[in-house]
Amino acid sequence: MKKWILYIIISILLIISISSITLLILTNKNAKGYRIESTDRLAEIENNIINEEKQIITTSYSNTKVSPDAIINFNTYYKGCGHTIKEENKAEEDIVNKAEQDITEIYIDWDIKKFSANNVVLYKEIDGICENDYIIKEKDGNIVIFKIDNDGREIVYDITSIETQYLPETDLMQLKDGIKVNGLEKVNQIIEDFE
């Protein structure tokens, strides 16, 4: 009978061991799931807190900066004569590696029409007349070139040696009214035609 009791005790111990191991496995699975679930929940709470604390500010500011080889274009529109004078310069040292916002602060009177690392186009309007406006007229028997100042006054720029007495009637009428010209190159072409 002692063997029989021994078998019962071993069987009970085996059942208890198997039950304990099964219970441990099930508890461990639930604990892992709970840990994963609680970690996910914690991450979600942290993300919500971070998102609530963030202030999103949108700007048009970019990280583009002026390169040392950049070309700066200055376009000035003169309302008085309707001309746009374009000047192109290589980027000076003081604006190299500057961002668009920096350029805005440096060139306060100018609007930025284009901004890239290699090319910046600046624009402004002026009420006056550009420096390239001339009028060619007849005065005292000669062809005279007048420059127009900002007040619209005609100032003698050059008195040519071309006498008007030998010119055809149509040319004389044009000179009497005045031939408006923009730029010295065009002035020189017209003067050459009269010679």
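A quick note: this is a predicted structure, and the numbers were derived from the prediction, not measured.
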Say you draw a straight line from [atom1] of [X] to [atom2] of [Y]; how long is it, rounded to the nearest 0.5 Å?
{"X": "L172", "Y": "D177", "atom1": "CG", "atom2": "CG", "answer": "11.0 Å"}
{"X": "K180", "Y": "Q174", "atom1": "NZ", "atom2": "CD", "answer": "14.0 Å"}
{"X": "L184", "Y": "K147", "atom1": "CG", "atom2": "NZ", "answer": "7.0 Å"}
{"X": "I135", "Y": "E154", "atom1": "CD1", "atom2": "CD", "answer": "4.0 Å"}
{"X": "T164", "Y": "D140", "atom1": "OG1", "atom2": "CG", "answer": "9.5 Å"}
{"X": "D158", "Y": "I145", "atom1": "CG", "atom2": "CD1", "answer": "4.5 Å"}

Atom [atom1] of [X]: over 12 foreign heavy atoms under 6.0 Å:
{"X": "I71", "atom1": "CD1", "result": "yes"}
{"X": "E125", "atom1": "CD", "result": "yes"}
{"X": "Q165", "atom1": "CD", "result": "yes"}
{"X": "E105", "atom1": "CD", "result": "yes"}
{"X": "K139", "atom1": "NZ", "result": "no"}

Considering only heavy atoms from C-beta outward, does the side chain of [X] approach that of [Y] to under 4.5 Å?
{"X": "K113", "Y": "V120", "result": "no"}
{"X": "I95", "Y": "I72", "result": "yes"}
{"X": "E163", "Y": "N142", "result": "yes"}
{"X": "V144", "Y": "K137", "result": "no"}
{"X": "E100", "Y": "I112", "result": "yes"}
{"X": "I155", "Y": "F146", "result": "no"}

Notebook entry, point to check: Under the criterion side chain to side chain contact (heavy atoms under 4.5 Å, CB included), which of T104, D111, I103, D109 is the partner of Y107?
Noted result: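 Only match with Y107 under side chain to side chain contact (heavy atoms under 4.5 Å, CB included): I103.
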Notebook entry, point to check: Between N97 and V66, does a side chain to side chain contact (heavy atoms under 4.5 Å, CB included) hold up when you go through it step by step?
Noted result: CA-CA 5 Å; N97 291 324; V66 178; over 6 Å; no
Next item on the list: Establish whether I106 and F115 are linked, either directly or via other cluster members, by ILVMFWY side-chain heavy-atom contacts under 4.5 Å.
Entry: yes
Next item on the list: Go through Y157 and Y134 one step at a time and tell me if the side chain to side chain contact (heavy atoms under 4.5 Å, CB included) criterion holds.
Entry: CA-CA 9 Å; Y157 177 78; Y134 299 90; 4.1 Å; yes
Next item on the list: Verify whether the ring centers belonging to Y123 and W110 lie closer than 6.0 Å.
Entry: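 Not close enough - the centres of the two rings lie 6.0 Å or further apart.
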Minimal non-hydrogen separation, [X] against [Y], with atom names:
{"X": "N75", "Y": "K86", "value": "OD1-CG, 3.1 Å"}
{"X": "T64", "Y": "A117", "value": "CG2-N, 3.5 Å"}
{"X": "N89", "Y": "E87", "value": "ND2-OE2, 3.2 Å"}

Next item on the list: Quick one: list whatever passes side-chain hydrogen bond (donor to acceptor under 3.5 Å, both in side chains) with N118, sequence neighbours left out.
Entry: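 For N118, the residues satisfying side-chain hydrogen bond (donor to acceptor under 3.5 Å, both in side chains) (neighbours in sequence not counted) are S67.
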Item checked: Backbone N/O of L167 and side chain of D171: donor-acceptor pair under 3.5 Å ->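 Pair absent, no side-chain N/O of D171 close to backbone of L167.
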Check: Okay, side chain of N119, backbone of S116: is any donor-acceptor separation there less than 3.5 Å?
Finding: no
Next item on the list: Begin with the C-alpha distance, continue with both residues' side-chain angles, and end with the deciding distance and a verdict on side chain to side chain contact (heavy atoms under 4.5 Å, CB included) for N73 and L122.
Entry: CA-CA 6 Å; N73 294 290; L122 301 171; over 6 Å; no
Could you list the donor-acceptor pairs under 3.5 angstrom formed by side chains in residues 77-85, with sequence neighbours left out?
residue	atom	partner	partner atom	Å
K79	NZ	D127	OD1	3.4
H83	ND1	D133	OD1	3.1
H83	ND1	N182	ND2	2.8
H83	NE2	N182	ND2	3.3

